[in-house]
Amino acid sequence: MGRIPAMSEASLIRVSEIFGPTIQGEGALIGVPTVFVRTGGCDYRCDWCDSLHAVDSAYRATWTPMTAQDIMDEVARLSGGQPLLVSLSGGNPAIQPLAEVIRLGHAQGYGFALETQGSVAQGWFSDLDMLVLSPKPPSSKMQVDWDAFDACLAAGQGADMVLKIVIFDEADYQWARDVAGRYPQLPLFLQPGNHTPPPPGDDSATVDQVGVDARMRWLVDRVMQDKWYQARVLPQLHVTLWGNKRGV
Ligand SMILES: C[S@@+](CC[C@H](N)C(=O)[O-])C[C@H]1O[C@@H](n2cnc3c(N)ncnc32)[C@H](O)[C@@H]1O
Ligand SMILES: Nc1nc2[nH]cc(C(=O)O)c2c(=O)[nH]1
Ligand code: SF4
Ligand SMILES: [Mg+2]
C-alpha cells in the first residue's frame with residue numbers, strides 16, 4: 001500500500017526556481033520590475049517549450065517543495081523587502097496550490113500575475129491582479145480543451161485578463177485570428193516564437209536571434225497587411241537581451 005501523505009504536503013508548492021528582480025519580458029506588463037516564481041511540472045509538452053527545466057520530469061529532482069511562507073520570504077529577500085510584481089510561471093503554475101502565496105503577498109503589498117496555458121482552472125484565479133492566458137497554437141502540437149479554457153476565463157473574473165499567443169508560422173497566425181475573434185473582450189498580445197530552447201541538460205543561452213527577429217518582422221507585416229489593429233505585437237524582451245538564459 002502507498003504511503004498516505006501528511007496533511008501539510010497538500011499545501012506544499014513545487015518550485016523550480018525563484019529569481020529576480022528583473023523586468024517582465026513579455027506581454028501586457030513588459031518592462032515592469034518583477035520577481036519570478038517558476039513552479040515545476042506541466043500537464044502540456046509543447047514542441048518548442050522554452051522552460052523545459054520546469055516541465056521535463058528529468059528535472060524533477062531539482063524542484064523543491066516549499067510552503068507559501070518560504071516562497072514569500074525568498075521573494076522578499078530578493079526584492080529587499082520592497083513590494084513589487086510577482087510573476088507566477090512554470091511549468092503550469094495553475095496545478096499548484098498558490099492561493100496562500102497570493103493571500104500572504106497581497107497582505108504585504110505585492111501584486112501577482114500568473115501565466116498559464118488555460119488547461120486547469122482554479123477558484124483563486126479571481127484573487128490575481130492579472131491572469132495571462134496563453135492557449136497553444138498548432139505548432140506546439142498540443143490540443144486546446146476549450147471547455148477547460150473557458151472555465152479558466154470564468155474563474156479569472158475579477159482579475160485583469162489578457163491573451164498572449166505565440167506564433168511561429170502562418171498556420172499559427174490564422175489560428176490566432178480565430179481565437180482572438182472568439183474572445184474579443186480580451187486584450188491581445190502576439191509574440192514570435194523562439195525555436196532554440198536549450199535541450200535538457202544544456203543551460204546554454206543560445207537563441208537563433210536572427211531567426212526570431214525575422215519572425216517578429218514577418219509578424220508585424222502580417223498584422224499590418226490584415227489591418228488587425230486590435231493586436232499588439234511584442235518580442236520576448238528578455239530573449240532579445242539574454243537569449244534563453246535561465247534566471248533573467
Ligand atoms: C514557459 S510558459 C509557462 C506558463 C504556461 N505553461 C504557459 O505556457 O502559458 C511562459 C510563456 O512562455 C511562452 N513560451 C514558451 N515557449 C516559448 C517559445 N519557444 N517561444 C516563445 N514563447 C514561448 C508561453 O506561451 C507562455 O506565454
Ligand atoms: N524576464 C522574463 N520575462 C518573462 N516573461 C515570461 C517568462 C516566463 O518564462 O514565463 C519570463 C522569463 O523567464 N523572464
Ligand atoms: S504549457 Fe507552458 S510550460 Fe508547459 S510545455 Fe507548454 S510552454 Fe512549456
Ligand atoms: Mg520564458
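Ligands are counted one by one from 1 in listed order, and the atoms in each one are counted from 1 as well. What you see below is based on every heavy atom in this structure, not just the backbone, and it leaves out hydrogens, waters and symmetry mates.
The atoms of ligand 1 that sit less than 4.0 Å from any heavy atom of E26 are 11 (C), 12 (O). Taking every heavy atom of Q117 and a limit of under 4.0 angstrom, the matching atoms of ligand 3 come to 1 (S). In the vicinity of S51, heavy-atom distances shorter than 4.0 Å reach the ligand 1 atoms 1 (C). Taking a cut-off of under 4.0 Å to the non-hydrogen atoms of V248, the atoms of ligand 2 that pass are 1 (N), 2 (C), 12 (C), 13 (O), 14 (N). Remark: ligand 3 atoms within the under-4.0 Å shell around heavy atoms of C46 are 1 (S), 5 (S), 6 (Fe), 7 (S). For ligand 1, the atoms lying closer than 4.0 Å to a non-hydrogen atom of G90 are 1 (C), 3 (C). The atoms of ligand 1 that sit less than 4.0 Å from any heavy atom of K164 are 27 (O). Near G193, meaning under 4.0 Å from any of its heavy atoms, are these atoms of ligand 1: 20 (N), 21 (C). Numbered from 1 in the order shown, with element, the atoms of ligand 1 that lie under 4.0 Å from a heavy atom of G91 read 3 (C), 4 (C), 5 (C), 6 (N).
Among all protein heavy atoms, the one lying closest to atom 2 (Fe) of ligand 3 is K136 CE, 4.2 Å. Ranking protein heavy atoms by distance to atom 4 (Fe) of ligand 3, first place goes to C42 SG, 2.3 Å. Given atom 12 (C) of ligand 2, the protein heavy atom at minimum distance is H238 CE1, 3.6 Å. The protein heavy-atom contact nearest to atom 13 (O) of ligand 2 is R38 NH2, 2.9 Å. From the protein, the heavy atom lying nearest to atom 5 (N) of ligand 2 is Q24 OE1, 2.5 Å. G25 N, 2.9 Å is the protein heavy atom nearest to atom 3 (N) of ligand 2. Closest to atom 1 (N) of ligand 2, if we only count protein heavy atoms, is I23 O, 2.8 Å.
Comparing heavy-atom distances from atom 3 (S) of ligand 3 across V55, D43, D50 singles out V55 as nearest.
Ligand 1 has no N or O atom lying under 3.5 Å from any N or O atom of S89, backbone or side chain. Note: an N/O pair closer than 3.5 Å links D50 and ligand 1 by distance alone. Looking at S89 next to ligand 2, an N or O pair under 3.5 Å apart turns up. Distances between N or O atoms of F36 and those of ligand 2 include no value under 3.5 Å. Between R38 and ligand 1, a contact under 3.5 Å exists for no N or O pair. Considering backbone and side-chain N/O atoms, E115 never comes within less than 3.5 Å of an N/O atom of ligand 2. Not one N or O of C42 is nearer than 3.5 Å to an N or O of ligand 1, by distance alone. Between F19 and ligand 2, a contact under 3.5 Å exists for no N or O pair. On a distance-only criterion, K136 and ligand 1 share at least one N/O pair closer than 3.5 Å.
Inspection of the Q174 and R177 side chains reveals no N or O donor paired with an N or O acceptor under 3.5 Å. For the residue pair S79 / Y110, a side-chain donor-acceptor distance below 3.5 Å is found, with atom types taken as modelled. Residues D221 and Q225 bring no donor and acceptor atom of their side chains to less than 3.5 Å of each other.
A continuous path of ILVMFWY side-chain contacts below 4.5 Å connects Y183 to L128, so both sit in one hydrophobic cluster. Hydrophobic clustering, with ILVMFWY side chains joined whenever heavy atoms are under 4.5 angstrom apart, keeps V210 apart from W48. L84 and L88 fall within the same hydrophobic cluster, where Ile, Leu, Val, Met, Phe, Trp and Tyr residues are linked whenever their side-chain heavy atoms come under 4.5 Å apart, directly or through other members. No single ILVMFWY cluster, assembled from side-chain heavy atoms under 4.5 Å apart, contains both F36 and L241. W218 and L188 fall within the same hydrophobic cluster, where Ile, Leu, Val, Met, Phe, Trp and Tyr residues are linked whenever their side-chain heavy atoms come under 4.5 Å apart, directly or through other members.
Proximity of Q236 to ligand 1, defined as any heavy-atom pair under 4.0 Å, is confined to the side chain (atoms from C-beta onward). Here L237 has no heavy atoms under 4.0 Å from ligand 2, in either its backbone or its side chain. Residue D50 does not touch ligand 2, judged by heavy-atom distances below 4.0 Å. Heavy atoms of T116 found under 4.0 angstrom from ligand 1 belong exclusively to the backbone.
Distance alone, capped at 3.5 Å, is enough to place a donor-acceptor pair between the D172 side chain and the S139 backbone. The backbone N or O of R14 lies less than 3.5 Å from a partner atom in the side chain of Q96, making a donor-acceptor pair. Panel note: side chain D129, backbone F112; a donor-acceptor pair is recorded below 3.5 Å. Listed for the W63 side chain is a donor-acceptor partner under 3.5 Å among the backbone atoms of H53. Listed for the T39 side chain is a donor-acceptor partner under 3.5 Å among the backbone atoms of S89.
Residue pairs meeting the salt bridge (charged side-chain N to carboxylate O under 4.0 Å, His left out) criterion with at least one partner in residues 65-79, sequence neighbours excluded, are E74-R77.
The CD atom of Q108 sits 5.0 Å away from atom CE of M72, with the distance rounded to the nearest 0.5 Å.
Of the listed residues (V132, L133, I95), just one forms a side chain to side chain contact (heavy atoms under 4.5 Å, CB included) with T116, and that residue is L133.
Between W228 and Y173, the ring planes lie perpendicular to each other; the angle is over 60°, past the 30° to 60° tilted range.
The two residues F149 and L163 make their nearest non-hydrogen contact at CZ-CD2, 3.8 Å. Closest approach of D127 to H106, counting heavy atoms only: O-CE1, 2.9 Å.
Taking backbone and side chain together, C49 holds an N, O or S atom under 2.8 Å from atom 8 (Fe) of ligand 3.
Residue G91 places a heavy atom under 4.0 Å from ligand 3. In this structure, Q236 falls outside the shell of residues with a heavy atom less than 4.0 angstrom from ligand 2.
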